[in-house]
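Side chains included, hydrogens not; waters and symmetry mates left out as well; all remaining heavy atoms used. These numbers were taken from a predicted model, which means no experiment stands behind them. Labels below follow one simple rule: chain letters A, B, ... track the order of the sequence lines, proteins then strands, and each chain is numbered from 1.
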There are 2 protein chains.
Amino acid sequence: MTERFARRIPEPTVVRLPLYRRVLVELSSRAVTTVSSAELAAAAGVNAAKVRKDLSHLGTYGTPGTGYDVDFLLGQIRRELGLDSEWRVAIAGMGNLGHALARSQGFSGQGFSVVALLDVDPAKLGEVVAGVQVRHLTELPEVAAETCPSIGVIASPPGAAQDVCDRLVAVGIGAVLNFAPAIVTVPPHVLLRQVDFAVELQVLGFYLAHREAAEPRADMSRPAL
Amino acid sequence: MTERFARRIPEPTVVRLPLYRRVLVELSSRAVTTVSSAELAAAAGVNAAKVRKDLSHLGTYGTPGTGYDVDFLLGQIRRELGLDSEWRVAIAGMGNLGHALARSQGFSGQGFSVVALLDVDPAKLGEVVAGVQVRHLTELPEVAAETCPSIGVIASPPGAAQDVCDRLVAVGIGAVLNFAPAIVTVPPHVLLRQVDFAVELQVLGFYLAHREAAEPRADMSRPAL
DNA sequence: CATTGTGAACGCCTTCACAGCC
DNA sequence: GGCTGTGAAGGCGTTCACAATG
């Protein structure tokens with residue numbers, strides 16, 4: 001029980017915390033005060049043992065015989081996820097995906113705020129989306145100096161992804177979320193996460209093609225979610 | 001070596017196959033005829049041992065001392081992913097995200113084709129995106145009868161996600177890809193995969209908040225991708 | 001008495017390391 | 001000599017099952 005070092009939380013657990021958080025927000029809004037691991041598990045689509053083990057990584061917040069206090073647990077998860085501070089997000093690439101992300105409620109509020117939008121298409125420059133004006137990608141140094149984003153989102157065409165990524169890294173971004181169907185690389189100190197629609201579709205294609213051969217479990221959500 | 005039963009391929013391997021495929025397509029277009037596991041690994045952002053183990057699940061396709069034949073391997077992966085047949089995709093929800101998906105090259109060609117677009121907004125009905133007309137969600141039974149989609153994509157607001165999902169399942173869809181930030185459930189015989197932007201962002205927030213405490217590896221791509 | 005927290009068992013993927021082959 | 005394929009070892013998350021607890 002050496003708690004001297006910050007307890008490491010397994011990545012699969014980290015990925016499930018936002019799910020629990022969403023369920024708890026919903027419960028809280030319905031004025032539910034208590035949840036058991038079984039209820040939380042059902043709502044989040046996982047099993048109860050996993051919920052308990054996951055939450056035990058955060059601390060001892062449950063009450064035997066009763067369950068977890070919804071609001072208290074919500075606060076702990078929010079704190080653990082670093083959602084007390086507001087992370088500033090810059091989105092590069094304002095095609096349909098960029099627009100969708102900029103307007104997504106997950107990107108504004110809830111601990112995140114979109115502070116910069118970039119593109120290279122003259123037709124899009126100046127447009128205001130979600131209260132933020134689209135600026136030219138080459139102006140990124142100035143835009144970054146003004147808005148200090150800590151997370152950069154790549155929503156550009158695949159061919160431009162690495163260039164966009166390099167520019168984001170150059171202005172000191174700490175984390176990159178890449179939606180372009182291309183593998184981008186970052187220096188070791190920069191966090192990177194990739195989301196690839198085409199991959200998801202191909203994974204479904206694989207299991208569809210093989211489904212009668214050897215029935216996989218129906219729910220194979222989140223290899224990374 | 002009982003090969004009587006279709007060799008099961010681990011899900012993490014299935015998720016990486018589309019990555020290898022993308023690299024091979026690129027190599028093939030540059031007329032490269034051979035790759036070693038080390039080269040493929042570098043381009044896909046994984047390590048060489050993993051590449052070899054992954055590919056060994058498909059068969060014995062490499063040549064010691066030389067590597068893998070690019071075009072042959074590409075064909076094998078394509079076949080394994082079920083991309084010989086064209087999977088028909090229906091997209092429900094034609095907001096910015098739906099548009100982005102409909103136009104995405106990953107959703108047209110490459111073994112997939114968008115055959116149906118659904119929405120409930122009168123302003124969007126009739127619009128043609130990527131050569132397909134947007135129809136009302138309530139017409140799904142007729143649309144499905146005409147186009148026989150086997151994959152349904154949910155790009156609707158979260159509140160409508162389960163209803164949309166139920167409608168897709170009701171018309172016999174075999175797999176669902178959910179982009180709405182909501183947990184949807186499907187019958188056991190239907191495949192389900194979830195992609196959640198908000199979760200990805202929150203995971204980055206977690207590691208940003210903890211990064212100096214206990215440096216995680218920089219590349220934490222694809223928990224589920 | 002319902003429910004948590006957690007050691008222990010389990011299963012599975014990853015990584016290693018090297019024999020075998022071109 | 002270079003590189004693949006793969007048993008074996010290792011690491012890690014999941015699941016089990018139950019003692020502890022309000």
Side-chain angles (χ1 to χ4, degrees), chain A residues 1-3 7-17 19-20 32-70 72-73 76-77 203 214 216-217 219-225, chain B residues 1-3 7-17 19-20 32-70 72-73 76-77 203 214 216-217 219-225:
Chain A
M1 292 269 169
T2 34
E3 275 304 327
R7 62 241 168 287
R8 197 189 73 89
I9 299 182
E11 184 175 324
T13 296
V14 173
V15 173
R16 285 187 294 266
L17 290 180
L19 265 45
Y20 302 149
V32 176
T33 59
T34 296
V35 256
S36 66
S37 60
E39 292 163 342
L40 191 43
V46 302
N47 68 50
K50 201 177 286 185
V51 168
R52 290 201 300 279
K53 184 71 90 177
D54 284 344
L55 297 183
S56 77
H57 284 118
L58 308 188
T60 302
Y61 300 145
T63 307
T66 307
Y68 302 86
D69 181 279
V70 170
F72 180 77
L73 183 57
Q76 294 304 319
I77 289 181
V203 171
R217 65 185 177 292
D219 188 337
M220 16 167 256
S221 55
R222 189 166 312 292
L225 260 211
Chain B
M1 293 267 171
T2 33
E3 275 306 326
R7 64 238 167 288
R8 195 190 74 89
I9 300 183
E11 183 175 322
T13 296
V14 173
V15 173
R16 285 187 293 267
L17 289 180
L19 264 46
Y20 302 149
V32 176
T33 59
T34 295
V35 256
S36 66
S37 61
E39 292 163 343
L40 191 44
V46 302
N47 69 50
K50 201 178 284 185
V51 168
R52 288 201 300 279
K53 184 70 91 177
D54 284 344
L55 297 183
S56 77
H57 285 118
L58 308 188
T60 302
Y61 300 145
T63 307
T66 307
Y68 301 86
D69 182 280
V70 170
F72 180 76
L73 183 57
Q76 294 304 319
I77 289 181
V203 171
R217 65 184 175 290
D219 187 336
M220 16 168 254
S221 53
R222 186 169 314 293
L225 266 213

Considering every strand and a 4.0 Å limit on heavy-atom distances, what is the contact class for B/Thr13: base, sugar-phosphate, or nothing?
nothing
Could you check how far OH of B/Tyr20 sits from P of D/dT4, rounded to whole Å?
13 Å
Side-chain donor-acceptor contacts of residues 44-52 of chain B below 3.5 Å, not counting sequence neighbours, with atom names and distances?
unit_1, atom_1, unit_2, atom_2, d
B/Asn47, OD1, B/Ala49, N, 3.2
B/Asn47, OD1, B/Lys50, N, 2.9
B/Arg52, NH1, B/Ser37, OG, 3.1

Do any pairs count as a salt bridge (Lys or Arg N to Asp or Glu O under 4.0 Å) and have a residue in residues 61-70 of chain A, sequence neighbours left out, and if so which ones?
none
Return the value, rounded to whole Å, for the distance between atom CG of B/Leu40 and atom C1' of D/dT4.
13 Å
For the residue pair A/Tyr20 and A/Leu55, establish whether any side-chain heavy-atom pair is separated by less than 4.5 Å.
yes
All heavy atoms of B/Ile77 vs all of B/Leu17, minimum pair found to be CG2-O, 3.9 Å
For B/Arg52 and D/dC3, give me the distance from atom CZ to atom P, rounded to whole Å.
10 Å
In whole angstroms, how far is the P atom of D/dG11 from the NZ atom of B/Lys50?
16 Å
Is there a side-chain contact between A/Leu73 and A/Leu40 in this structure, where contact means two heavy atoms from C-beta onward sitting under 4.5 Å apart?
yes
Of all heavy-atom pairs between A/Glu39 and A/Thr34, which one has the smallest distance, and what is that distance?
OE1-O, 4.1 Å
Do any N or O atoms of the protein come closer than 3.5 Å to N or O atoms of nucleotides 19-22 of chain C, and which pairs are they?
unit_1, atom_1, unit_2, atom_2, d
C/dC22, O4', B/Pro64, O, 3.3

Whole-Å distance separating the NZ atom of B/Lys53 from the C1' atom of C/dT15:
9 Å
Of all pairs that satisfy salt bridge (Lys or Arg N to Asp or Glu O under 4.0 Å), the ones with a partner from residues 54-63 of chain A, not counting sequence neighbours:
A/Arg16-A/Asp54
Give each protein N/O atom lying under 3.5 Å from an N/O atom of nucleotides 11-13 of chain C, with the pair distance.
unit_1, atom_1, unit_2, atom_2, d
C/dC13, OP1, B/Arg8, NH2, 3.2
C/dC13, OP2, B/Arg8, NH2, 3.2

Length of the NE2-P vector between A/His57 and D/dG13, whole Å
8 Å
Please identify each residue that fulfils side chain to side chain donor-acceptor pair (under 3.5 Å) with A/Tyr68, with sequence neighbours left out.
none
Round to the nearest Å and state the distance from B/Tyr68 atom OH to D/dG2 atom C1'.
13 Å
A/Ser37 side chain, from C-beta outward: closest of C/dT4, D/dG5, C/dG5
C/dT4
Report the distance from atom CG of B/Asn47 to atom C1' of D/dT6, rounded to the nearest whole Å.
15 Å
Smallest separation among heavy atoms of B/Ser56 and B/Lys53, with atom names:
OG-O, 2.7 Å
